[in-house]
Amino acid sequence: MNIFEHRGGGVILLSFVAAFTLTIIPLPDVLKSLCPEFVTLTLVYWCMALPNRIGLGKAWIAGLFLDVIRDTLLGQHALALTLVTFFVLQLHQRIRVFPLWQQAISVGFLVLIQVALVLWIKGIMGEKTDIWLALLPVLTTSLFWPPVFLLMRYLRRYYQVS
């Protein structure tokens, strides 16, 4: 495919910038554990909508940025987001036909994989984490999926991103 056949790269980039910005907003400790995984939501949406443009390499780069932003071990979020992206790329045709509430459940399972992998890496490093607080983003990300999906789909159609 020719590079000039693609449209809307700026929209994709700006959506990731918005996701990273929402990730770094300072919140009180009580709300910090409730914050959804915005980068994962954005990555899952674009992998489902445009699987030929957003792939494992871009997921790895997004994960490295997330590692730097969150000041964590370099590569742990990169590995987790790459694994999530792999599953989305394998299952995107099935997930796309689900109703929105079933997509939210699927996204919840994908975020559960991401959180479990990050917790496992933190456990190997000897960090103590409260597992139940670490699992709260799975619920909030699932609840945020429908409005994020509808907003991103509107933007993709309005700007004719292909």
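Note: I25 CD1 to C35 SG = 7.5 Å, rounded to the nearest 0.5 Å. L27 contributes atom CG, which lies 9.5 Å from atom CG of L34 (distance to the nearest 0.5 angstrom). I95 CD1 to H92 NE2: the interatomic distance, rounded to the nearest 0.5 Å, is 9.5 Å.
Among residues two or more places apart in sequence or in another chain, the ring-ring contact (aromatic ring centres under 6.0 Å, His included) test is passed with F149 by Y45, W145.
Counting only heavy atoms from C-beta outward, the side chains of L14 and L155 never approach each other to under 4.5 Å. Side-chain contact between I12 and V161 is present, with heavy atoms from C-beta onward closer than 4.5 Å. Between T85 and V88, every side-chain heavy-atom pair lies at or beyond the 4.5 Å cut-off. Side chains of V138 and F109 form no contact here, defined as non-hydrogen atoms less than 4.5 Å apart. In this structure, the side chains of W46 and R156 come closer than 4.5 Å at one or more pairs of heavy atoms. Residues T40 and T141 fail the side-chain proximity criterion, which asks for heavy atoms closer than 4.5 Å. Considering only heavy atoms from C-beta on, W132 comes within 4.5 Å of L135 through its side chain.
Within the structure, the salt bridge (charged side-chain N to carboxylate O under 4.0 Å, His left out) test picks out the following pairs touching residues 51-70 (sequence neighbours left out): E37-R70.
Side-chain heavy atoms closer than 4.5 Å link hydrophobic residues (I, L, V, M, F, W, Y) into clusters, and following such links, even through other members, never connects V17 to V11. Following chains of ILVMFWY side-chain contacts shorter than 4.5 Å, one can reach I61 starting from F38, so the two form part of one hydrophobic cluster.
The backbone N or O of A80 lies less than 3.5 Å from no partner atom in the side chain of Q114, so there is not a single donor-acceptor pair.
Within 6.0 Å of the CZ atom in F20, the count of heavy atoms belonging to other residues, nucleotides or ligands exceeds 12.
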Worked check of side chain to side chain contact (heavy atoms under 4.5 Å, CB included) between V84 and L43: CA-CA 9 Å; V84 166; L43 188 64; 5.7 Å; no

